[in-house]
Amino acid sequence: MSDTLTRTEPVSSAPFVGEGISISLAVPMMRYSLRARQPQALETLLGVKVPTKIGAMEEGIACLGPDEWLLREPIGSKLVSGAGLPVSIVDISERAICLVVEGPRSAEILNAGCPLDLDRFAVGRATRTIFETVEIVLLRLAEDRFHVEVWRSFAPWMWTALTTAARH
Amino acid sequence: MILIHCPYCDEQRPEIEFAYAGQAHIARPVDPDTYSDEEWERFLFIRANPRGRHHERWRHSHGCGRFFNAVRDTVTDKFETTYKAGEPRK
(Lines give C-alpha, C1' and ligand atoms only; values in the text may rest on other atoms or scores of the structure.)
Protein backbone atom coordinates (compact mmCIF):
# COMPACT_ATOMS: atom_id res chain seq x y z
CA MET A 1 0.00 0.00 0.00
CA SER A 2 2.63 2.43 1.04
CA ASP A 3 4.20 2.62 -2.42
CA THR A 4 0.96 4.04 -3.81
CA LEU A 5 1.24 7.02 -1.49
CA THR A 6 2.88 10.11 -2.86
CA ARG A 7 4.88 12.48 -0.77
CA THR A 8 3.45 15.96 -0.33
CA GLU A 9 5.58 18.87 0.78
CA PRO A 10 4.31 21.87 2.70
CA VAL A 11 6.22 24.34 0.52
CA SER A 12 6.85 24.77 -3.17
CA SER A 13 9.43 22.43 -4.64
CA ALA A 14 10.49 25.19 -7.06
CA PRO A 15 13.30 27.22 -5.50
CA PHE A 16 12.97 30.94 -4.88
CA VAL A 17 15.79 32.80 -6.58
CA GLY A 18 16.43 36.46 -5.88
CA GLU A 19 19.37 38.80 -6.06
CA GLY A 20 22.18 37.19 -4.06
CA ILE A 21 19.85 34.62 -2.53
CA SER A 22 18.20 31.33 -3.28
CA ILE A 23 15.80 29.51 -0.98
CA SER A 24 14.91 25.93 -1.72
CA LEU A 25 13.52 22.83 -0.16
CA ALA A 26 16.18 20.29 0.77
CA VAL A 27 15.78 16.66 -0.26
CA PRO A 28 13.99 14.55 2.34
CA MET A 29 16.31 13.07 4.93
CA MET A 30 16.32 10.94 8.06
CA ARG A 31 16.44 12.78 11.35
CA TYR A 32 17.00 11.27 14.74
CA SER A 33 16.78 12.86 18.14
CA LEU A 34 19.52 11.30 20.26
CA ARG A 35 19.43 11.71 24.00
CA ALA A 36 22.00 10.41 26.48
CA ARG A 37 23.43 11.60 29.77
CA GLN A 38 26.82 10.19 28.77
CA PRO A 39 27.92 10.90 25.19
CA GLN A 40 30.18 7.81 25.42
CA ALA A 41 27.07 5.63 25.29
CA LEU A 42 26.15 7.19 21.94
CA GLU A 43 29.71 6.85 20.68
CA THR A 44 29.60 3.14 21.52
CA LEU A 45 26.34 2.81 19.64
CA LEU A 46 27.15 4.86 16.54
CA GLY A 47 30.85 4.12 16.33
CA VAL A 48 31.71 7.78 15.74
CA LYS A 49 32.75 10.61 17.98
CA VAL A 50 29.88 12.91 18.92
CA PRO A 51 30.51 16.61 19.56
CA THR A 52 30.14 17.60 23.21
CA LYS A 53 30.31 21.36 22.82
CA ILE A 54 26.77 22.73 22.47
CA GLY A 55 26.37 24.24 19.01
CA ALA A 56 29.06 22.09 17.40
CA MET A 57 28.41 19.73 14.51
CA GLU A 58 30.45 16.74 13.37
CA GLU A 59 29.60 14.24 10.64
CA GLY A 60 25.94 15.20 10.55
CA ILE A 61 25.54 15.09 14.34
CA ALA A 62 24.69 18.43 15.91
CA CYS A 63 24.93 18.95 19.65
CA LEU A 64 21.78 20.90 20.61
CA GLY A 65 21.98 20.61 24.39
CA PRO A 66 24.04 18.99 27.14
CA ASP A 67 22.25 15.66 26.60
CA GLU A 68 20.66 16.17 23.20
CA TRP A 69 21.90 15.63 19.64
CA LEU A 70 20.33 15.83 16.22
CA LEU A 71 21.51 13.32 13.66
CA ARG A 72 20.67 13.89 9.99
CA GLU A 73 21.32 11.19 7.43
CA PRO A 74 20.35 10.44 3.83
CA ILE A 75 17.05 8.62 3.31
CA GLY A 76 17.36 4.87 3.66
CA SER A 77 20.11 4.88 6.27
CA LYS A 78 19.41 2.46 9.05
CA LEU A 79 20.31 3.23 12.62
CA VAL A 80 21.17 0.46 15.06
CA SER A 81 18.81 0.03 17.96
CA GLY A 82 19.99 1.42 21.27
CA ALA A 83 18.72 -1.60 23.21
CA GLY A 84 20.74 -2.21 26.35
CA LEU A 85 22.41 1.18 26.33
CA PRO A 86 21.28 4.18 28.40
CA VAL A 87 20.28 6.19 25.33
CA SER A 88 17.09 7.32 23.63
CA ILE A 89 16.81 7.36 19.86
CA VAL A 90 13.68 8.76 18.28
CA ASP A 91 13.00 8.92 14.56
CA ILE A 92 11.80 12.48 13.89
CA SER A 93 12.41 12.42 10.13
CA GLU A 94 8.97 13.72 9.18
CA ARG A 95 8.64 16.24 11.98
CA ALA A 96 10.61 18.90 10.18
CA ILE A 97 11.54 19.94 6.69
CA CYS A 98 14.75 21.66 5.75
CA LEU A 99 15.03 24.89 3.78
CA VAL A 100 18.35 25.66 2.14
CA VAL A 101 19.19 29.37 2.25
CA GLU A 102 22.08 30.08 -0.05
CA GLY A 103 23.91 33.08 -1.44
CA PRO A 104 25.86 36.11 -0.25
CA ARG A 105 22.73 37.69 1.26
CA SER A 106 21.69 34.60 3.24
CA ALA A 107 22.90 35.81 6.66
CA GLU A 108 21.22 39.17 6.15
CA ILE A 109 17.93 37.52 5.17
CA LEU A 110 18.00 35.13 8.13
CA ASN A 111 18.66 38.07 10.41
CA ALA A 112 15.37 39.59 9.23
CA GLY A 113 13.70 37.31 11.77
CA CYS A 114 16.45 35.58 13.70
CA PRO A 115 18.25 37.70 16.31
CA LEU A 116 21.31 35.45 16.49
CA ASP A 117 24.63 37.16 15.77
CA LEU A 118 25.52 35.34 12.55
CA ASP A 119 28.90 37.08 12.26
CA ARG A 120 29.92 34.98 15.26
CA PHE A 121 28.15 31.85 14.04
CA ALA A 122 31.00 30.05 12.33
CA VAL A 123 30.78 27.49 9.54
CA GLY A 124 30.07 24.05 11.01
CA ARG A 125 27.93 25.30 13.84
CA ALA A 126 24.34 24.28 14.49
CA THR A 127 21.90 25.46 17.09
CA ARG A 128 18.28 25.60 18.01
CA THR A 129 17.07 29.18 17.88
CA ILE A 130 14.04 31.21 16.96
CA PHE A 131 12.86 33.02 13.82
CA GLU A 132 10.24 35.62 14.78
CA THR A 133 8.14 33.27 16.91
CA VAL A 134 8.95 30.01 15.17
CA GLU A 135 11.51 27.63 16.60
CA ILE A 136 14.12 26.50 14.09
CA VAL A 137 17.37 24.58 14.05
CA LEU A 138 19.90 26.65 12.15
CA LEU A 139 22.95 24.95 10.65
CA ARG A 140 25.75 26.77 8.87
CA LEU A 141 27.24 24.50 6.24
CA ALA A 142 29.31 27.14 4.47
CA GLU A 143 29.92 30.86 4.67
CA ASP A 144 26.98 31.44 2.33
CA ARG A 145 24.88 28.34 2.91
CA PHE A 146 22.52 27.67 5.80
CA HIS A 147 20.06 24.90 6.52
CA VAL A 148 16.90 25.90 8.36
CA GLU A 149 15.13 22.96 9.97
CA VAL A 150 11.54 23.94 10.67
CA TRP A 151 8.53 21.95 11.78
CA ARG A 152 6.25 20.97 8.88
CA SER A 153 3.24 22.89 10.14
CA PHE A 154 5.29 26.09 10.37
CA ALA A 155 6.98 25.58 7.00
CA PRO A 156 4.54 27.52 4.77
CA TRP A 157 4.81 30.52 7.10
CA MET A 158 8.58 30.19 7.23
CA TRP A 159 8.78 30.03 3.44
CA THR A 160 6.64 33.17 3.10
CA ALA A 161 8.68 35.01 5.75
CA LEU A 162 12.03 34.15 4.13
CA THR A 163 10.96 34.88 0.58
CA THR A 164 9.34 38.15 1.67
CA ALA A 165 12.58 39.21 3.35
CA ALA A 166 14.50 38.14 0.25
CA ARG A 167 12.33 40.35 -2.00
CA HIS A 168 13.34 43.47 -0.08
CA MET B 1 17.42 43.35 22.73
CA ILE B 2 19.08 42.09 25.90
CA LEU B 3 21.73 39.41 25.52
CA ILE B 4 21.66 36.70 28.18
CA HIS B 5 24.63 34.46 28.89
CA CYS B 6 23.54 30.82 28.90
CA PRO B 7 25.84 28.90 31.27
CA TYR B 8 25.31 25.67 29.33
CA CYS B 9 25.87 27.05 25.83
CA ASP B 10 28.53 29.37 27.32
CA GLU B 11 27.46 32.11 24.96
CA GLN B 12 25.56 35.39 24.89
CA ARG B 13 22.21 34.70 23.28
CA PRO B 14 19.26 36.93 22.37
CA GLU B 15 16.66 37.41 25.04
CA ILE B 16 13.73 36.01 23.04
CA GLU B 17 15.29 32.54 23.10
CA PHE B 18 14.73 32.50 26.88
CA ALA B 19 11.76 32.09 29.17
CA TYR B 20 11.44 33.39 32.71
CA ALA B 21 10.58 30.70 35.24
CA GLY B 22 10.07 32.41 38.58
CA GLN B 23 12.13 32.90 41.70
CA ALA B 24 15.17 30.65 42.11
CA HIS B 25 16.32 28.51 45.04
CA ILE B 26 12.89 27.51 46.27
CA ALA B 27 13.41 24.08 47.79
CA ARG B 28 10.64 21.54 47.62
CA PRO B 29 9.44 20.24 50.98
CA VAL B 30 11.56 17.28 52.03
CA ASP B 31 8.70 15.74 54.00
CA PRO B 32 5.43 17.11 52.52
CA ASP B 33 3.21 15.05 54.86
CA THR B 34 4.28 17.09 57.85
CA TYR B 35 3.74 20.47 56.21
CA SER B 36 1.17 22.73 57.79
CA ASP B 37 -1.20 24.89 55.74
CA GLU B 38 0.93 27.96 56.47
CA GLU B 39 4.07 26.20 55.28
CA TRP B 40 2.31 25.09 52.09
CA GLU B 41 1.10 28.61 51.53
CA ARG B 42 4.63 29.93 51.91
CA PHE B 43 6.07 27.27 49.58
CA LEU B 44 3.45 27.63 46.86
CA PHE B 45 2.51 31.28 46.81
CA ILE B 46 4.82 33.55 48.76
CA ARG B 47 7.62 35.04 46.65
CA ALA B 48 10.17 37.76 47.12
CA ASN B 49 9.58 40.93 45.16
CA PRO B 50 12.76 42.90 45.68
CA ARG B 51 13.68 46.20 44.20
CA GLY B 52 17.14 45.45 42.88
CA ARG B 53 19.03 42.17 42.98
CA HIS B 54 16.77 39.17 42.34
CA HIS B 55 17.62 35.47 41.99
CA GLU B 56 15.59 33.97 39.18
CA ARG B 57 15.20 30.78 37.21
CA TRP B 58 15.39 31.09 33.46
CA ARG B 59 15.12 28.52 30.72
CA HIS B 60 16.95 28.58 27.41
CA SER B 61 13.79 27.22 25.84
CA HIS B 62 14.64 27.97 22.18
CA GLY B 63 18.23 26.82 22.58
CA CYS B 64 19.68 24.07 24.71
CA GLY B 65 16.42 23.73 26.66
CA ARG B 66 18.08 23.94 30.08
CA PHE B 67 16.93 25.67 33.23
CA PHE B 68 19.54 27.82 34.95
CA ASN B 69 19.70 30.53 37.60
CA ALA B 70 20.36 34.20 37.07
CA VAL B 71 20.85 37.26 39.20
CA ARG B 72 19.02 40.17 37.63
CA ASP B 73 18.51 43.70 38.82
CA THR B 74 14.78 44.40 38.73
CA VAL B 75 15.36 48.13 38.40
CA THR B 76 17.86 48.24 35.55
CA ASP B 77 16.94 44.84 34.03
CA LYS B 78 20.68 44.06 33.90
CA PHE B 79 21.83 40.49 34.35
CA GLU B 80 24.60 40.41 36.93
CA THR B 81 25.48 36.76 36.44
CA THR B 82 24.04 33.43 35.36
CA TYR B 83 25.00 30.00 36.66
CA LYS B 84 24.00 26.38 36.19
CA ALA B 85 21.10 24.87 38.09
CA GLY B 86 22.27 23.12 41.24
CA GLU B 87 25.14 25.51 41.89
CA PRO B 88 25.07 27.48 45.15
CA ARG B 89 23.39 30.86 45.31
CA LYS B 90 25.59 33.69 44.01
Side-chain angles (χ1 to χ4, degrees), chain A residues 33-39 50-57 61-70 88 90 92 95-96 107 110-140 148-151 154 157-158 161, chain B residues 1-30 32 52-90:
Chain A
S33 171
L34 314 174
R35 305 293 300 257
R37 292 223 169 103
Q38 301 299 330
V50 302
T52 49
K53 171 116 183 68
I54 300 174
M57 178 167 54
I61 304 176
C63 183
L64 298 182
D67 61 354
E68 182 184 7
W69 290 265
L70 172 71
S88 148
V90 181
I92 51 164
R95 184 172 76 174
L110 285 165
N111 272 148
C114 174
L116 210 62
D117 185 355
L118 295 178
D119 289 340
R120 298 173 63 182
F121 193 69
V123 174
R125 289 200 58 194
T127 184
R128 195 185 283 124
T129 180
I130 197 165
F131 187 97
E132 296 272 0
T133 51
V134 171
E135 186 168 289
I136 58 171
V137 175
L138 186 66
L139 306 96
R140 190 170 208 165
V148 178
E149 291 269 334
V150 59
W151 286 11
F154 291 123
W157 182 90
M158 191 70 200
Chain B
M1 185 172 293
I2 298 174
L3 295 176
I4 301 175
H5 182 265
C6 171
Y8 291 92
C9 299
D10 195 19
E11 207 179 14
Q12 300 271 354
R13 303 282 293 233
E15 166 196 5
I16 61 164
E17 289 186 359
F18 295 85
Y20 174 68
Q23 189 182 336
H25 301 295
I26 292 183
R28 288 189 177 213
V30 180
R53 217 164 171 267
H54 192 214
H55 288 76
E56 301 171 330
R57 290 172 84 215
W58 282 78
R59 181 172 180 240
H60 195 186
S61 42
H62 301 294
C64 63
R66 286 286 142 163
F67 281 94
F68 60 90
N69 294 327
V71 183
R72 183 177 65 96
D73 192 303
T74 57
V75 179
T76 60
D77 206 17
K78 274 199 178 132
F79 280 78
E80 183 184 307
T81 182
T82 58
Y83 50 100
K84 289 181 181 176
E87 286 179 11
R89 196 183 179 93
K90 286 194 179 169

>> Show the nearest heavy-atom pair for residues B:Gly63 and A:Arg128, with the distance to one decimal.
In response: O-NH1, 2.6 Å

> Among A:Pro66, A:Gly65, A:Cys114, A:Cys63, which residue forms the greatest number of heavy-atom pairs with chain B at distances under 4.5 Å?
Replying inline: A:Pro66

>> Once rounded to the nearest 0.5 Å, what's the spacing between atom OG1 of A:Thr129 and atom CZ of B:Arg13?
In response: 5.5 Å

> What closest approach, in Å, do B:Met1 and A:Pro115 show between heavy atoms, and which atom pair accounts for it?
Replying inline: SD-CB, 3.8 Å

>> Apply side chain to side chain contact (heavy atoms under 4.5 Å, CB included) to residues A:Leu116 and B:Glu17 and explain how you reach the verdict.
In response: CA-CA 9 Å; A:Leu116 210 62; B:Glu17 289 186 359; 3.5 Å; yes

> Quick check: are there more than 12 heavy atoms from other residues, nucleotides or ligands sitting under 6.0 Å from CH2 of A:Trp157?
Replying inline: yes

> If you look at every heavy atom in A:Arg125 and B:Glu11, which pair is closest and at what distance?
Replying inline: NH1-OE2, 2.9 Å

> Can you name the nearest heavy-atom pair linking A:Asp67 to B:Arg66, along with the distance?
Replying inline: OD2-NH2, 2.8 Å

> Any idea which heavy atoms bring A:Glu132 and B:Ile16 closest together, and the distance?
Replying inline: O-CD1, 4.0 Å

